[in-house]
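Below is one structure, written out as structure tokens; the observations come after it.
Numbers for residues simply follow the sequence, beginning at 1. Whatever order the structure lists them in is the order used to number ligands and atoms, beginning at 1. Since we're looking at a predicted model, the values are computed, not measured.
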Amino acid sequence: MSETFTSATNGADAAGMPARSRLSFDLDVDICVVGAGLAGLTVALEAARLGASVAVLEGRHVGWSASGHQLGTVMPGYGLPIGELIARIGLDDARELWSLSKEGAEYVRANATEEQIPGIALSEGALEVSNVEAGDALISRLQMLGGDFDTEVEGWQVDRVRAALKTGHYFHGVYYPRAFQLDGRRYLHGLAAMARRAGARIFEDTPVVSIDPSGIRKRIVTPSARLRASHIVLAGNVHLGAPLRRLSETLLPVWRYAAVTEPLGGRLAEAVTFRGSVSDSDGIDHFRIVEGDRLMWASPETTWAARPERFAPAIQRRIQTIFPQLGKVGISEVWGGAVGETVHGMPQIGQLRKGLWVASGFGRQGLNTTAMAGLLVARSILWGDERWRLFSPFELVWAGGATGRAAGYAIGLWGRGSAAAAGALARYRERARLKEQLREARLAEANRQAGTRPPRPRPPPGRPRPQPPPAANAADAEGSPP
Ligand SMILES: Cc1cc2nc3c(=O)[nH]c(=O)nc-3n(C[C@H](O)[C@H](O)[C@H](O)COP(=O)(O)OP(=O)(O)OC[C@H]3O[C@@H](n4cnc5c(N)ncnc54)[C@H](O)[C@@H]3O)c2cc1C
């Protein structure tokens, strides 16, 4: 599967990377991990820390795909909205799954220290904003998150959201003070370095072309060597391909594109005073300020691989739509990566058959969930931790192949279109309400002035009183009784 990025560096993965090593000799290990993205590297780090011998086989290079091109926002939860999670598996299991997702986020936080990953630039707080007036829904969501799901959240009224983000596009907001952001690429390479230090061996340019998962010692074939392992962990996301094509086909690949603007100076500080990550409740835009006065912004999506540069104008227009005061911003870099979406919206974590594991399908929210998956799989293999079974209700469902991709794209477009329409309607209603309030205020003021106007001076006694105006019909007036 081909994938193109304008730049693989973005400043972060340029320097200090160890030379790539390809596997060119046969090897025996406890655990073989296929894929050196966030998921595979976390499994490798944890398994190596717990004393296993681990080999990671990566077909391209560390950070080649989504994991090396994400925006670094770490939130609790999953791609599947919390209400749907409860509807699907009930409140108790939903709470346990939610708490695992928080564990994943805290695991990232524990790794992402300046001592362990220099330059990681961790900063606190993320804001999820609504494109429509959603006051009531917001209150019940806050109650649920804060109460049943033990997650620190604050509800922001429209005024507060608009003081932080000077745009009429957003209404209410949910602020997550424990969410955070970091330099996503540095985190990925830091994770690889930590896994190596813990004893895991990472081989790049080493695609796995087939596996034989039968037997106690499983066989893994690459173009230049063979491995034997007691456990295989498939963490290849949508790129897995040949080793288990049926598994790849349970994921809908969605390419997401992001950009960093040129420095925007003081006008950005005026438009955006919030320093954390911002995402909208429809999953369309995701942005934050980086390097003081640049915007990092992800928005467009396709269900096929395209050249990221093509999306620079779309991101530019999107920024201008949300923050017209910024004008047409210059774009300095664009990139993209493929995320794997499952049909049910939850990640695939667990044991497919004895010794064959999967950790995939993390969608747009992969930092906390890959961390959680890495912990669960490594601890299950080495400690017998069975909590991955909480994911069992979310089976492997075929994502529909080429038809699924076309349908996924159409649904995505429709979803974005209807979210945009709902947003436009909400803003129209807001303007109409403001006009109405203004009209009522003017009316009230006019009434007040009429009520408090000083009485007309009475005519002095003796002077003739003003005569009423002549009746419209003089004959009527003359003929009326006295
Ligand atoms: C633009 C963008 C912004 C994002 N922002 C965020 C964010 O702010 N916060 C967040 O939580 N998530 C974000 N995400 C989502 C997140 O990046 C993904 O969910 C996550 O990186 C998925 O990790 P992964 O390890 O499953 O897959 P991948 O990163 O795709 O890694 C899989 C690896 O496996 C290798 N592989 C596959 N098959 C084989 C094989 N047969 N042999 C050898 N190697 C193989 C591939 O080469 C690849 O390197 C973003 C994604 C994108 C694209």
Check: ligand 1 versus Val34, non-hydrogen atoms closer than 4.0 Å: side chain, backbone, both, neither?
Finding: side chain
Margin query: Contact between ligand 1 and Pro243 is defined here as a heavy atom of the residue under 4.0 Å from a ligand atom; is it met?
Written below: yes
Notebook entry, point to check: Hey, which atoms in ligand 1 end up nearer than 4.0 Å to a heavy atom of Gly236?
Noted result: 32 (C), 34 (O), 36 (N), 37 (C), 38 (N)
Next item on the list: Check Ala242 against ligand 1 and report side chain, backbone, both or neither, counting heavy atoms closer than 4.0 Å.
Entry: neither
Check: Does Ala298 have a heavy atom less than 4.0 Å from any atom of ligand 1?
Finding: no
Notebook entry, point to check: Which of the listed options, Asp205, Thr369, Leu71, Thr222, holds the heavy atom that is closest to atom 5 (N) of ligand 1?
Noted result: Leu71
Check: Any N/O of Thr73 closer than 3.5 Å to an N/O of ligand 1?
Finding: yes
Notebook entry, point to check: Backbone, side chain, both or neither: what part of Gln181 comes under 4.0 angstrom of ligand 1, heavy atoms only?
Noted result: neither
Item checked: Options Glu341, Arg256, His239, ranked by nearest heavy atom to atom 38 (N) of ligand 1, top entry -> His239
Notebook entry, point to check: Would a distance-only check, ignoring hydrogens and angles, find a side-chain to backbone donor-acceptor pair under 3.5 Å from Gln351 to Gly355?
Noted result: yes
Item checked: ligand 1 versus Leu38: contacting region, heavy-atom distance under 4.0 Å -> both
Notebook entry, point to check: Taking only heavy atoms of Gly59, which atoms of ligand 1 are found under 4.0 Å from at least one of them?
Noted result: 43 (C), 44 (N), 45 (C)
Next item on the list: Might you point out which heavy atoms bring Arg186 and Pro118 nearest each other, and give the distance in Å?
Entry: CD-O, 3.6 Å
Check: Side chains of Ser123 and Gln181: is there a donor and an acceptor less than 3.5 Å apart?
Finding: yes
Check: Relative to ligand 1, is Arg364 under 4.0 angstrom through side chain, backbone, both or neither, heavy atoms considered?
Finding: backbone
